[in-house]
There are 2 protein chains.
Amino acid sequence: MGKPNGVPAPAVRRLSLYLRQLESLAGRQQSTVSSRQLGASLDLTDAQVRKDLAYFGQFGHPGIGYRVEELIVQVRRILGTDKSWNVLLVGMGNLGRALMSYRGFAKKGFHVVAAFDNDASVIGQTVDGPRPIVVQRMEDMAKTVKSLNIRLAVLTIPAGEAQDVADRVLAAGVRGILNFAPVTLRKADCAVAAVDLAVHLEQLSFRLAGGDA
Amino acid sequence: MGKPNGVPAPAVRRLSLYLRQLESLAGRQQSTVSSRQLGASLDLTDAQVRKDLAYFGQFGHPGIGYRVEELIVQVRRILGTDKSWNVLLVGMGNLGRALMSYRGFAKKGFHVVAAFDNDASVIGQTVDGPRPIVVQRMEDMAKTVKSLNIRLAVLTIPAGEAQDVADRVLAAGVRGILNFAPVTLRKADCAVAAVDLAVHLEQLSFRLAGGDA
DNA sequence: TTTTGTGAATTGCTTCACAGCA
DNA sequence: TGCTGTGAAGCAATTCACAAAA
C-alpha cells in the first residue's frame, strides 16, 4: 500500500506547490494545464513537472496536458489531504494564537482541535479560532490525543522547552511535529518539519550581502 | 569581494543551523566543537559539516576542532548578520502582529522598524513590538524605506494581494522578501524566501500517509 | 500539431578516505 | 592520537531529447 520509495524529497515538496497552483487555476475555471504552464508559474521546467508527477502515476493526457480537477484529486490523495487531520497546538504565545486563527490550515483539511500551555494563567482560557477552544494542561494531552484522534502537533514554544515538549507530545501518541522553535529536535522515528523564521531572514541577508549577486 | 559562486544552496541553508547550534554551545560555555559533534546535533555527517564550512574559508584547527566564538563571528559575517538589518512588515493581521513582537528576529539582528496595511481602520494604530510602531499607509512606503534604509520586507497578507504588494515593496527599494502568502511570487531579480505554513503540514501528512514509512 | 512519459546524459551534492598538521 | 581540509568516488536530482499518443 505504501508508494515506491524512489521518490526524491524535493519532488514531494514541489507536489504541495503544484497543488496550490492547481487550486488557484481551478478557481479561475481553467480546466486543463500543460507541464510547461504549471512549471512556468512556479519557476520550474516542464520536464521537472512531468518527472515529479510521473513518480506517482500517469496523470497527463498527451496533446492536452493535465485535467486540473482530476489532478487535484490525485495530488490530494498522494499527500494524504483527501482526508482531514486533527492537530494540536502547544504554546499559546503570540505566534500560537495567530496560528489558531489561521484560515490556511482548515482550507487544506488541517483542524486545530486542542491547545496546550504550561502557564497556569493561560490554562482554562478560551482562544479564538474556526471553533473557539479551551487551553488545556499538558497533563491532559495523552487523553485528548486519544479521544480526538490527533496525529499532528504544532509547537510554538521557546527553544529551551522544545525537546521536552516534543518528547511528551510523541509519548501522547502524536506522529508528526511542525516545529517553530529554533532548535533541531532529536526525533525518535517520527516525522518532523521545522520552520525557523530567523533562518529564513538569514538566507535573504546572505544573498543580499554578496552571497551570490 | 563577493564569495565564489560554487557554493551549493543546501550548504548555505545549513550555515544558519550551524550558527544556531554554535550560539547554543557558546551559551553553555563550550569553547571548541568538532565537526562530528556539530554534525551529530543536527543529524549531519562530520564530512558534511567540514565541506560546508570549507566553502567559505579555513576555520578549523586540526586536532582541536572549531573554536566556537571564533566560528560564530565568521558565520555571522558570511551570512551578513554581523550588521543589523532594518525590516518592514506588510499585513497587520494575526500573523503580522505576532511577528511584530517575535523576539527571535531582533536576537539575530533583524529589526522591524515599519509596518503597513491597506485597511483604513488599522492605519494609524500603534502595534506592539520591541519598539511600538504606528501602522502606515502603503503610499508612504517609498519614503519610509529610503529614510530608514530598509532592505527586507516580510509579507503577511492574503494570497490575492501578494503579487501587487511585492511589486510595490520592490519599487519602494526593498531588496529581499520573506513571503508568508501561499503563492509563488514572480520575482524581478530580488531575493525571495517563502514560508507556506500549510505546505509544511502537507509534507507531514504525506510522510504519515504511506509516503515513506 | 501539441504534449506526455521516460531512458540517457548531465549536473550537482554528499560521502569516502587519506595526507597533513597539532 | 584526534581532527581538519580536500581530491576522488559515488549517489541523487535535473535536464535533455525523442517515441508515442491525441
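So you know, we letter chains A, B, ... as the sequences are listed, proteins then strands, and number each from 1. This one's a predicted model, so the numbers in the text were calculated from it and none came from an experiment.
- For B:A209 against A:W85, the heavy-atom pair with the smallest separation is CB-CZ2, 4.3 Å.
- Of the residues near DNA chain D, A:A11 and B:G65, the one whose nearest nucleotide (by heavy atom distance) lies more toward the 5' end is B:G65.
- One interatomic measurement links the two molecules: NE2 of B:H61 to C1' of C:dA22, which rounds to 11 Å at whole-angstrom precision.
- Rounded to whole Å, the distance from CD on B:Q58 to P on C:dC21 is 11 Å.
- Nucleotides of DNA chain D nearest to B:L53 and A:K51 differ in position, and the one nearer the 5' end is that of B:L53.
- A:R50 places its CZ atom 17 Å from the P atom of C:dA8, with the value rounded to the nearest Å.
- For C:dG5, the OP1/OP2 oxygens have a side-chain nitrogen or oxygen of A:Y66 closer than 4.0 Å.
- Nucleic acid contact for A:G60: sugar-phosphate only, since backbone atoms but no base atoms lie under 4.0 Å from a heavy atom of the residue.
- Proximity of B:R14 to the phosphate of C:dT14: a side-chain N or O atom is located under 4.0 Å from OP1 or OP2.
- Not one side-chain nitrogen or oxygen of A:Q37 sits closer than 4.0 Å to the OP1 or OP2 atom of C:dT3.
- Separating the CZ atom of A:R67 from the C1' atom of D:dA21 is a distance of 13 Å, rounded to the nearest angstrom.
- Between A:D46 and A:L38, the closest side-chain pair of non-hydrogen atoms is not below 4.5 Å.
- For B:E161 and B:R168, the salt-bridge test fails: no basic side-chain N is under 4.0 Å from an acidic carboxylate O.
- C:dG5 atom P lies 16 Å from atom CZ of A:R36, rounded to whole Å.
- Contact annotation: B:Q48 side-chain N/O to C:dT14 OP1/OP2 distance is under 4.0 Å.
- In this structure, of C:dC16, C:dG20, C:dT6, it is C:dC16 that holds the atom nearest to the side chain of B:A47.
- Between B:T45 and C:dT15 there is a side-chain N or O to OP1 or OP2 distance below 4.0 Å.
- For the pair B:I64 CD1 and D:dT1 C1', the computed distance is 12 Å after rounding to whole Å.
- For the residue pair A:S24/A:R20, the side-chain donor-acceptor check at 3.5 Å is not satisfied.
- Whole-Å rounding puts the B:D46 CG to C:dC16 P distance at 9 Å.
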